[in-house]
Amino acid sequence: MIRPILIHPDPRLKKPCEAVTDVTPEVRTLALDMLETMYDAPGVGLAAPQVGVMSRVIVMDCIKDGPPEPMVLLNPRVVWSSEDVNIYEEGCLSIPDQYAEVKRPASVTVEWMDLEGETQERTFTGLWATCVQHEIDHLDGKLFIDYLGPLKRQMITRKMEKLKRERARMA
Ligand code: K2U
Ligand code: ZN
């Protein structure tokens, strides 16, 4: 089912998440709901805290044109990152309609557990690399605006507070 996406500022978006210990039916349901929610947004990634679940679960599908390639990563961990960096204009489903350039390693190797409980490892480049780092940041309570200067971050936070007041009034 599609779950509501939390909007910044929200304390749950700033807290570090708990590791997944075993792949329970609830974890499977969460992962499928997150994929459904991501495609509906639409987005190319989503982290569990964005739907209010403080677990180390992320989903991604950065394929634009072509058959979808949904990925579910439990307890993802960057084990290597490249020296060279990429600058990408990032957005965030928890910070709607705000975009800013963020510099990140161009390529990262990530280790994770899949829904079968198997350990996986893959090296990501391009949008996949940006996305996986953006999502793992969410698991540590870090948002892309945390890489911006204090004034720009404050301006975006004020805009989100206004948006939330308006949404509360309309609800
Ligand atoms: O975590 C999220 O909020 C989902 C983001 C992930 C993302 C942000 C920046 C760069 C890559 C991935 C959503 O996908 S935001 C929508 C979007 C769609 C395509 C490209 C970039 C951002
Ligand atoms: Zn995000």
Side-chain angles (χ1 to χ4, degrees), residues 1-18 20 27 30-78 81-82 84-110 112 122-149 152-161 163-164 167:
M1 101 197 151
I2 293 173
R3 300 190 188 203
I5 294 177
L6 300 181
I7 303 297
H8 168 75
D10 186 307
R12 290 163 288 181
L13 293 172
K14 300 301 288 171
K15 264 168 60 72
C17 296
E18 300 288 319
V20 172
V27 168
L30 169 66
L32 293 182
D33 287 354
M34 285 172 64
L35 280 168
E36 196 180 342
T37 302
M38 178 191 77
Y39 287 122
D40 175 71
V44 296
L46 192 68
Q50 293 183 274
V51 292
V53 178
M54 306 311 290
S55 294
R56 300 188 77 81
V57 179
I58 67 174
V59 297
M60 292 195 294
D61 183 350
C62 299
I63 300 292
K64 283 204 180 66
D65 32 27
E69 198 178 305
M71 292 190 75
V72 174
L73 291 76
L74 310 179
N75 306 327
R77 187 167 63 91
V78 173
S81 48
S82 62
D84 47 310
V85 296
N86 249 351
I87 297 184
Y88 196 95
E89 191 172 44
E90 299 196 11
C92 182
L93 295 175
S94 295
I95 310 176
D97 306 322
Q98 305 302 312
Y99 298 91
E101 290 196 340
V102 177
K103 190 164 66 172
R104 297 182 189 269
S107 170
V108 285
T109 303
V110 177
W112 73 93
R122 182 188 290 196
T123 299
F124 295 96
T125 59
L127 178 59
W128 285 95
T130 299
C131 182
V132 75
Q133 293 176 84
H134 178 109
E135 302 311 334
I136 292 175
D137 272 354
H138 271 299
L139 302 183
D140 297 328
K142 203 168 171 68
L143 301 172
F144 81 91
I145 57 172
D146 296 332
Y147 294 97
L148 310 182
K152 186 137 170 63
R153 179 168 55 249
Q154 199 177 68
M155 187 186 70
I156 291 175
T157 300
R158 291 242 170 85
K159 280 186 183 170
M160 291 299 106
E161 286 166 339
L163 175 77
K164 288 174 78 162
R167 285 190 180 181

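Every value quoted in this text rests on a predicted model; they were computed, and no experiment measured them. Just so you know, ligand 1 is whichever comes first in the structure, and atom 1 is the first atom listed for that ligand.
Taking every heavy atom of Cys92 and a limit of under 4.0 angstrom, the matching atoms of ligand 1 come to 3 (O). Interface of Leu127 with ligand 1, defined as ligand atoms under 4.0 Å from a residue heavy atom, comprises 11 (C). With ligand atoms numbered from 1 in the order given, ligand 1 contributes 14 (O) to contacts under 4.0 Å with heavy atoms of Gly43.
Residue-to-ligand polar distances place His134 within reach of ligand 1: an N/O pair is separated by less than 3.5 Å. The N/O atoms of Leu93, backbone and side chain alike, include one that comes under 3.5 Å of an N/O atom in ligand 1.
Not a single donor-acceptor pair under 3.5 Å links the side chain of Lys103 to the backbone N or O of Tyr147. When atom types are taken as modelled, the side chain of Lys15 and the backbone of Met54 share no donor-acceptor pair closer than 3.5 angstrom. Of the possible polar contacts, none joining the Ser107 side chain to the Ser82 backbone as a donor-acceptor pair under 3.5 Å is found. The backbone N or O of Val44 lies less than 3.5 Å from no partner atom in the side chain of Asp61, so there is not a single donor-acceptor pair.
Test Asp40, Asp33, Thr37 against Arg3 for side chain to side chain donor-acceptor pair (under 3.5 Å) and you get one pass: Asp33. The side chain to side chain donor-acceptor pair (under 3.5 Å) with Thr157 is formed by just one residue from the set His8, Gln98, Lys152; it is His8. Among the candidates Ile95, Thr130, Asp137, the single residue satisfying the side-chain contact (heavy atoms from CB on, under 4.5 Å) test with Phe144 is Ile95. Of the candidates Val110, Thr109, Val108, Thr123, Val108 is the only one forming a side-chain contact (heavy atoms from CB on, under 4.5 Å) with Ser81.
Between Asp140 and Arg56 a salt bridge is recorded (basic side-chain N to carboxylate O distance below 4.0 Å).
Ranking protein heavy atoms by distance to atom 19 (C) of ligand 1, first place goes to Val44 CG1, 3.8 Å. Ranking protein heavy atoms by distance to atom 6 (C) of ligand 1, first place goes to Glu135 OE2, 3.2 Å. Remark: minimum distance from atom 10 (C) of ligand 1 to any protein heavy atom is reached at Thr130 CG2, 3.8 Å. The nearest heavy-atom contact from the protein to atom 4 (C) of ligand 1 is Gly45 O, 3.0 Å.
Residue-level check: among N/O/S atoms of His138, NE2 sits closest to the Zn ion (ligand 2).
Ligand 1 lies out of reach of Met38, whose nearest heavy atom is not under 4.0 Å from it. Heavy-atom separations between Gly91 and ligand 1 include at least one value shorter than 4.0 Å.
The proximity of Tyr88 to ligand 1, defined as any non-hydrogen pair under 4.0 Å, is limited to the side chain. Only the side chain of His138 comes within 4.0 Å of ligand 1, counting heavy atoms alone; its backbone N, CA, C and O stay farther away.
Closer than 4.0 Å to atom 12 (C) of ligand 1 lies at least one heavy atom of the protein.
Considering all non-hydrogen atoms of both residues, Ile136 and Arg77 come closest at CD1-N, 4.4 Å.
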